[in-house]
Amino acid sequence: MNLNELNPMQRKAAEQLDGPVLILAGAGSGKTRTLTYRVANLLEHGVKAWHILALTFTNKAAREMQERIERLAGESATDAWIGTFHSICCRILRRDIEKIGYEHSFTIYDEDDQQRVIKAILKQLDIDEKFLPPKSISAAIGDAKNRVLNPDEWLKNSPADYRSQKIHDVMTEYEQRLKAANALDFDDLLMKTLQLFLEHPPVLQYYQQRFQYVHVDEYQDTNYAQYQLVRLLTQESRNLCVVGDDDQSIYGWRGADIRNILDFEKDFPDAVVIKLEQNYRSTANILDAANQIIAHNEGRKEKELWTEDGEGEKIALYSAADEREEAGWIASRIRALNRQGISYGNMAVLYRMHALSRVLEETMMRAGIPYRVYGGTRFYDRKEVRDILAYLRVIENPADDVSLARIINVPKRAIGDSTVDTLAQFARQNDMPLYSAVAAPPDTLPARAKKSVQGFAAMMAGLLIARETLPLGEFVQKVIDEAGLITQYEKDADNNEENQTRIENIREFMGAVTEFEQKSEDKSLFAFLENVALVTELDNQENVPNYVTMMTLHSAKGLEYDAVFLSGMEEGIFPSARALQEENRLEEERRLCYVGVTRARKLLHLSFARRRLLFNQMQFNAPSCFIQEIPKRLIQEEWSSPAQSSGGGWGSYGGTGMKPRPQYGYGDTVPARKPAVNGLNIPGVQRGFVASPARNINVQLFKTGDHVLHRKFGKGVVREVSGTGENARIAIVFPVFGEKVFALSIAPIVKVEE
DNA sequence: GTTTCTAATATTTTT
DNA sequence: TATTAGAAAC
C-alpha cells in the first residue's frame, strides 16, 4: 500500500486513524478508495483486523470493499467484519439473541411474510382492509421501528384518532405474533440488536472492545436505529469514521435521517472533517450540470465538485413522442456508442421505477442489445421457490407459523382452509405454535382431515431427522423429493409451459444451494436462509462484462458507467407524483437526480416522453423540472421528428431523418412543476408540438414479428413498421447483419414462412 | 376440497 | 398490464 497514490485530502482521511472523522465525499471523489486505504493503513499500523468493523448499506458495497481491502492488504484483512448493517446485526444476534428471549434459530421475515401476518391479524381483529390497507400498516410498523418506538410509544407520538388506535392494535398483535413465531423482520434485526446492547451491557462491552475502529459508509442514509447502534459501539473507543454525502441521501422514505450527517459535528465536537471534492469520474460538463441541479436544494453542506478533466461532450436531451420512441432512441444510441467502441458493460439505463423498465427491455431485446435488469421480481420471490424456502424455514424454526401455513397444503394434500383454521384456532387457544397443533392434531377435526394432517406431520418429522444427518444440498434435495415439490408440476408439464419453468426454477434453486455449499464457510441451513433473506442474487452475480445495465436510480448509487441514460425525465415520474405533492420530498428527488447524473463518466443522456402509457393509462407529462435546472449551454437537444409517430425511427438514428431541432426550446414553454395527472391536465408543454399523426393504416402487409427475406441480407424478422406512404419505414433484424431500416416502398423484401 | 373462471386492484425507491 | 383475490362450479 502506498499512500502517495491518494490526493492530499484523501490521504489526510486515510491517515487520520483515531477519533471521530467525518469524510464528506462528493460523488466520484474516490470515497471507497479512501476508505480502503484507511483500513489498509490501520492494518499497517498494527491494528488487528479483528478490531475493524465496516458497515455498508448494500451487499454490493460491502463486497466491493472487502475485495479491495483484501487486494490492498492481503490475508491480514480477513478477520475484519465488513458487511451491511443487517447482516452484521444478524451475526451479532445469532450469538446472543437468546438473552432477549428468542431462539437461536430465528427466522427473518421479509415484506411478503410481513404482509401475510398483517392480513391475518386484520382478519382476526375484524378490520376492513379498505379502512386500513396492510401496506399502510407495514409502513407504520417500519416507521415506529426506524424511530425505535414500541407500539405504545408510537401511539403517543401519533394523532389521537381511531385510526391510530387501530394501527396500534395491529402493531401490538404483530409484535406478539412475530415473537411467538421466533421471527424478526428487517427492522427488527437492527432494533433487537439495539435492545440486546441496552439490556445486556456485557454484550455491548464485548463488541465495544472488539470493534476498536468503526467505519460507516453512506452515513447520510442511516436511520435513528442505525445511528444509535453506531453511537453505542463507539462510545468507548470514539474511533468512528463515517463517510457520506448529504447530497446523496435518497432513503428518507425508509427512515434515513439526513440530520445524522448534518449534525455529526455537533455529536462529536472534536471531529475531524475532511471534504473530498475533486471528482475523478465525470467530465466537467456533467459535473457542472450536477452542481447546478443540487444547488437548488437548501439546507445542505456547501460543496462543489470539480475536475481536472476536460469539458467533454454536451448532455444529450431527447424529447420522444411516447415511451416506445424514447426506448427506441436509447437503443439506437446504445448501438451507435457500441460501434464507437464503448462496450455494453460500460453503459447503463436508469429509471425512477421498475415499471418503466418493460418497454426498455422489449426494445433492447428486439434491437439485439445484451442487457441485464437489476432488481424487480427476484428469483427468490417466485412462488415455487418461496414454497421450498418455507419448508426449509419450518424445519429450521418450527415456530414459524407463516411459513407453515404456506406449505401445509402445498402440494395439495387435502388439508383445506377449514382444517387449517381449526388447527390455528386450537393452537392459539393453547398458546402454542401451529406446528404443535399439526404434530398432535385435536380430535375436533374430522377423521379424514386428521389423517391428512398426520400424514403431513409424519413427513415433516422425517425431514427434521434427516436434517441432522445429511449435508445441506442432499437434504434440500430430499425435502423437494419427499414433499413432491417437483412432482406436483410434472403431471402436465409437457403441455404447460408455466409448470415447465417452475420445475426449472426449482432446479435452479438446487443449483443455488450447491453453489452456496461450495462457496460458503458456514454450510448450515440457518446460514443459507440468512443468505437468502439478506443477500439478493444480484449481489452474488459477478460483474457480467458485456451487458447494458438497467436499473432504478436507487440501485445505481455507488456505480459508474461511461454512458448513462436517464429515462422517463417527466413530472409525475421523476420527480414522482408523490414528491410533487410535498415540497420537502422534492429535495430528495433532486438528490436522486444528482445521484443519477453523477453516475456518468463521459456521456449523459436525458430523455422524456411527451406521451406515455403507464399502468394502462395515457399520461401527458411535462418534462421534469430537473431538466430546466441544467444550464442550457450544457445541453444538446434532439427532438423526434413528428412524422415518425409511435415507436418509429430509432433505427435511423445517426443516419437519416433525425436532426436536432433546437428551435423548440423546452424551458420557456414548460410550466414549472405542474403535476400532470393522467391526461386530465395536459400541461402547456403540449403547445409547441405538432400533434402526432394517427397510427398508420396502410402498413399491414408487414407486421412486427413477420419473417422476411431480403435480397441482400437474407432472412430477418420485422421489428417495426412505421410511417405511412412514402415515409413508411420497416425495421428488420437480421441474425448476421443486425438491425436495418428500409423505406417500405422500395425495400427488396418478401414475406416468408418461418 | 379443488379447480377454474372472473373481477378487482394496484403500481416508488430497498435491506 | 399482470397479478392475485374471491366466487362459483365441480
Side-chain angles (χ1 to χ4, degrees), chain A residues 55-62 83-90 108-112 114-115 119 123 129-130 133-136 138-139 142 145-146 184-190 218 221-223 225-226 249-256 323 350-359 362 374-378 380-383 409-421 446 448-449 452 488 492 498 530-536 538-539 551-558 568 572-581 585 588-589 591-593 595-596 613-617 619:
Chain A
L55 295 162
T56 66
F57 276 84
T58 64
N59 299 297
K60 222 163 15 189
T84 63
F85 272 97
H86 291 87
S87 67
I88 297 287
C89 284
C90 196
I108 300 169
Y109 276 2
D110 64 14
E111 291 92 352
D112 187 76
Q114 203 176 20
Q115 290 289 307
K119 280 184 184 168
K123 211 166 142 192
E129 287 192 13
K130 299 238 165 49
K135 281 246 166 83
S136 70
S138 51
K145 291 187 177 179
N146 284 152
L184 275 67
D185 63 26
F186 282 133
D187 296 322
D188 280 337
L189 290 172
L190 307 173
E218 310 281 12
D221 287 332
T222 48
N223 63 25
Q226 289 159 332
S249 162
I250 55 176
Y251 285 106
W253 50 275
R254 210 173 82 187
E323 76 280 1
L350 310 181
Y351 35 80
R352 179 63 235 271
M353 50 186 170
H354 282 300
L356 299 189
S357 71
R358 219 185 54 239
V359 187
E362 276 170 20
Y374 274 68
T377 333
R378 295 172 226 185
Y380 290 115
D381 286 339
R382 299 257 162 74
K383 281 178 224 79
N409 200 28
V410 175
K412 301 267 185 307
R413 48 174 74 88
I415 304 176
D417 290 345
S418 54
T419 308
V420 177
D421 280 348
R448 232 169 35 147
S452 308
Q488 65 175 326
D492 49 3
E498 199 186 322
E530 179 198 323
N531 187 267
V532 170
L534 298 181
V535 182
T536 55
L538 294 166
D539 295 312
M551 61 185 156
T552 63
L553 285 150
H554 280 86
S555 35
K557 191 157 77 162
I573 290 179
F574 187 31
S576 74
R578 284 193 194 173
L580 285 166
Q581 281 157 25
R585 285 213 185 186
E588 181 152 315
E589 295 285 303
R591 292 194 290 266
L592 188 57
C593 183
V595 167
L613 190 64
L614 187 63
F615 306 135
N616 213 24
Q617 273 190 317
Q619 302 187 346

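Numbers restart at 1 for each chain; the letters A, B, ... are given by sequence-line order, proteins then strands. Values below: every heavy atom of this structure, side chains too, minus hydrogens, waters and symmetry copies.
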Is Thr419(A) near enough to dG1(B) that one of its side-chain N or O atoms lies under 4.0 angstrom from OP1 or OP2? yes

Interatomic distance where CZ belongs to Phe574(A) and C1' belongs to dT13(B) [whole Å]: 10 Å

Using side chain to side chain donor-acceptor pair (under 3.5 Å) as the criterion, list what pairs up with Ser249(A), not counting sequence neighbours. none

dT11(B) phosphate, OP1 or OP2, under 4.0 Å from Lys135(A) side-chain N/O: yes

Please tabulate, one pair per line, each protein N/O and nucleotide N/O from nucleotides 2-6 of chain C that are separated by under 3.5 Å, including the distance.
from, atom 1, to, atom 2, distance (Å)
dA2(C), OP1, Arg358(A), NE, 3.2
dA2(C), OP1, Arg358(A), NH1, 3.0

Pi stacking test for Trp253(A) and dT13(B): under 5.5 Å apart, planes under 30°: yes

Here the gap from Cys89(A) atom SG to Leu55(A) atom CG, rounded to the nearest 0.5 Å, amounts to 8.0 Å

Whether Phe57(A) and Phe85(A) hold their rings parallel, tilted or perpendicular, with breakpoints at 30° and 60°: tilted

5′-ward residue of the pair His86(A)/Arg448(A) relative to DNA chain B: Arg448(A)

Tell me whether Arg591(A) is salt-bridged to Glu588(A), with the criterion being a basic N under 4.0 Å from an acidic carboxylate O. yes

Calculate the interatomic distance between Phe57(A) atom CZ and dT14(B) atom P; express it in whole Å. 14 Å

Rounded to whole angstroms, how far apart are NE2 on His354(A) and C1' on dT14(B)? 9 Å

Any Thr552(A) side-chain N or O less than 4.0 Å from OP1/OP2 of dT14(B): yes

Which pairs, protein N/O on one side and nucleotides 2-7 of chain B N/O on the other, fall under 3.5 Å?
from, atom 1, to, atom 2, distance (Å)
dT2(B), OP1, Ala414(A), N, 3.0
dT2(B), OP2, Asn409(A), ND2, 3.2

Report yes if a side-chain nitrogen or oxygen of Ser555(A) is closer than 4.0 Å to either non-bridging phosphate oxygen (OP1 or OP2) of dT14(B); otherwise report no. yes

Between Gln226(A) (CD) and dT14(B) (P), how many Å, whole number? 16 Å

Provide the distance between the two P atoms, one in dG6(C) and one in dT11(B), to the nearest whole Å. 16 Å

Is any side-chain nitrogen or oxygen of Ser87(A) closer than 4.0 Å to OP1 or OP2 of dT15(B)? no

If you find the nucleotide of DNA chain B closest to Val420(A) and the one closest to Asp187(A), which residue's nucleotide is nearer the 5' end? Val420(A)

Roughly how many Å is it from CG in Asn59(A) to C1' in dT14(B), rounded to a whole number? 11 Å

Does the Asn59(A) side chain pair with the main chain of Leu534(A), one donor and one acceptor, at a distance under 3.5 Å? yes

From CD of Glu111(A) across to P of dT15(B) the rounded distance in Å is 10 Å

Whole angstrom is fine here: how far is it from CG in Asp112(A) over to P in dT15(B)? 16 Å

Any idea how His86(A) and Phe186(A) line up, ring-wise: parallel (<30°), tilted (30 to 60°), or perpendicular (>60°)? perpendicular

Counterpart residues, side chain to side chain donor-acceptor pair (under 3.5 Å), relative to Glu589(A) (two or more places apart): Arg352(A)

Which value, rounded to the nearest 0.5 Å, describes the distance between Gln226(A) atom CD and Asp221(A) atom CG? 8.5 Å

Quick one: list whatever passes side chain to side chain donor-acceptor pair (under 3.5 Å) with Arg413(A), sequence neighbours left out. Tyr391(A)

Separation of dT15(B) P from Lys60(A) NZ (nearest whole Å): 8 Å

Tell me, please, which residues at least two apart from Ser138(A) pass side chain to side chain donor-acceptor pair (under 3.5 Å). Gln115(A)

